[in-house]
Structure formats: C-alpha cells, structure tokens
Amino acid sequence: MNSTSDSREDLALSPSEARESPLHGYQGDRLPPVVLQQLPAALTVAISREAGARGGTIARRAGEKLGWQIYNQELLEYVSQEGPFRANILDHLPPATARWSEERLQARLREQNVSQHPSILQLAQVVLALGAQGEVVLIGRGAGCILPPDTTLNVRIIAPLADRVGYMGDWLRLTVEEAAEEVRLRDSRRAEFITTHFHRQPGDVYQYDLLLNSSLLGEDLCAELIAQAARAKLAARFGTPGR
C-alpha cells in the first residue's frame, strides 16, 4: 500500500473511537463567549430649564437621590473648552466607546442637527463621552439634543414668569425690574444657543420625557419624580433597576 493510503488510514477513526468522540469535533478548552458591550452603558438625565425655575438645584437633588455624577452648564463648558480636561475624558475611553461616540457625532452632523463650530463639536464630544458611560445628570448646553433619546431621560423644568422673577430677585438681590430683565436675557441666550447650534426650540414640549412645574411641585418632589422616572426608564431599557 502506498504512503497516501497509509496516511488516510492513520487519520481514520475506528467505530469505537467514533462513538467516543464528540459529534462536532473536539469540544474541550473552549473560550468563554464574547459579550458585546451595550452602548450607552447606562442612562443619562439631561435637564433643560427656564431661567429662575430652580432647575440647577432640582438637578443636583435628583443626582444625589440617584447617586450619579452631576455636570452643570459651567462645568460642561469648562471641561469641553479646556484641552487637558477634555483630553482626560476622551483619551481614556475604551475603543468601543470612543467609536460609538464618534459615530453618533458624525450621524448628528449628517442630519445637520448640530453645529460644526469647533467649540460645539468639542462640547458634543464631551457630552457623548459622558453619556456613553451613563449614570450622569447633565444640566443645560443642549445635552438632550446631542444624546440618543432611548437612553436619555430628557427633562424640562418650568415655572410661571412671576415666580421665576421673584426667585431671581431673591437669589441675586435684584429689584423686580432688574430680575425680570435678567430672566428675559437668560432665557433669550439659552434659546438662541439651542436654536443656533442644534436647530431646536427649547419650548417644544414634545422633545421631553418629563415637563415639571417647579412652582406647583416644589424642588424635592421634582427631584424625586426625575429619580423615579430615571430608574423606570433604566429598568425598561437595560433590564436593571436603578439605585
């Protein structure tokens, strides 16, 4: 018999060996299955608010109830504009998270739903990086316009104008006329920012999951409702209850 026949015989299995062998080949020492990371990894709360509606205070209380990090408007601006701080967030993202953030940003740009101004692109990068990891409360700066709605609790906090003027006057120690002008200017600047850079109107109620009147509900109840809604949406989306 030639060498080729010998080789085939060497490779052949006897009937007894065949019965003892796994039906689908060698099955030992298998690696564990690869689990793809779901992105975003958790929920984010994005707070939009009318000037003087106490949205910042309510957002902080909600963050404390959830045990989540809180980024107010000033901190978001600072981190996005300061290179070292921005790099500290972006450079430490896992590859899959960085890829998701970039794909999301490019999609928003293709949809023409975000400005191409360098400072806005830097802001969007930071917001997306924070949102990809989740369990954060973001106040202002169009966070709800940047992040995907299915993994974001988008909240708008409102109050009657007279109450907002009164709050602003007490907070900044202004006359009624001065407080009214301060409220008008802040609302105008915020609306212009959202309209210019994200092509939305902050007063469009249909973009929000929750619309809360802080004068009727009070700060603590507003915060509790946000926390409860965040836990419920987190459980519905990720199958895990919030803290």
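- Counting non-hydrogen atoms of neighbouring residues, nucleotides and ligands closer than 6.0 angstrom, the CD atom of Gln69 reaches no more than 12 such neighbours.
- The backbone N or O of Arg108 lies less than 3.5 Å from no partner atom in the side chain of Asn113, so there is not a single donor-acceptor pair.
- The closest donor-acceptor contact from the side chain of Asp209 to the backbone of Asn154 lies under 3.5 Å.
- Cluster annotation: Leu153 is not connected to Ile158 through the hydrophobic network of ILVMFWY side chains, with a link wherever side-chain heavy atoms come within less than 4.5 Å.
- A salt bridge links Glu182 with Arg186; the closest basic N to acidic carboxylate O contact falls under 4.0 Å.
- Under the 3.5 Å distance criterion, the side-chain polar atoms of Thr195 are matched with a main-chain donor or acceptor of Arg200.
- Cluster annotation: Ile58 and Tyr167 are assigned to distinct hydrophobic clusters (Ile/Leu/Val/Met/Phe/Trp/Tyr, side-chain heavy-atom contacts under 4.5 Å, transitive).
- Between Leu109 and Ser115, the shortest heavy-atom contact is CD2-O, 4.2 Å.
- Using a 4.5 Å cut-off between side-chain heavy atoms of Ile, Leu, Val, Met, Phe, Trp and Tyr, with links allowed through other members, Leu211 and Ile226 fall into different hydrophobic clusters.
- Of the residues Arg156, Gln207, Arg190, Arg141, the one that meets the side chain to side chain donor-acceptor pair (under 3.5 Å) test with Ser48 is Arg156.
- Ring orientation note: the planes of His117 and His197 are nearly perpendicular, at an angle over 60° on the 30°/60° scale.
- More than 12 heavy atoms of other residues, nucleotides or ligands lie within 6.0 Å of CD in Gln106, so this atom counts as buried by the packing criterion.
- Formation of a donor-acceptor pair under 3.5 Å by the Arg54 side chain with backbone atoms of Ser214 is found in this model.
- Looking at Thr152, Ile146, Leu130, Val126 one by one, the single match for side-chain contact (heavy atoms from CB on, under 4.5 Å) with Leu138 turns out to be Leu130.
- Side-chain N or O atoms of Tyr208 include one that pairs as donor or acceptor with a backbone N or O of Pro202 at under 3.5 Å.
- Under a 3.5 Å cut-off, the side chain of Ser188 and the backbone N or O of Arg184 do not form any donor-acceptor pair.
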Q | Audit row: Phe198, Ile120, side-chain contact (heavy atoms from CB on, under 4.5 Å) steps and yes/no | A | CA-CA 10 Å; Phe198 303 106; Ile120 301 303; 4.2 Å; yes
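- Arg164 places no side-chain N or O within 3.5 Å of a backbone atom of Ala53 that could act as its donor or acceptor partner.
- In this structure, the side chain of Gln81 does not engage the main chain of Ser119 through any donor-acceptor pair within 3.5 Å.
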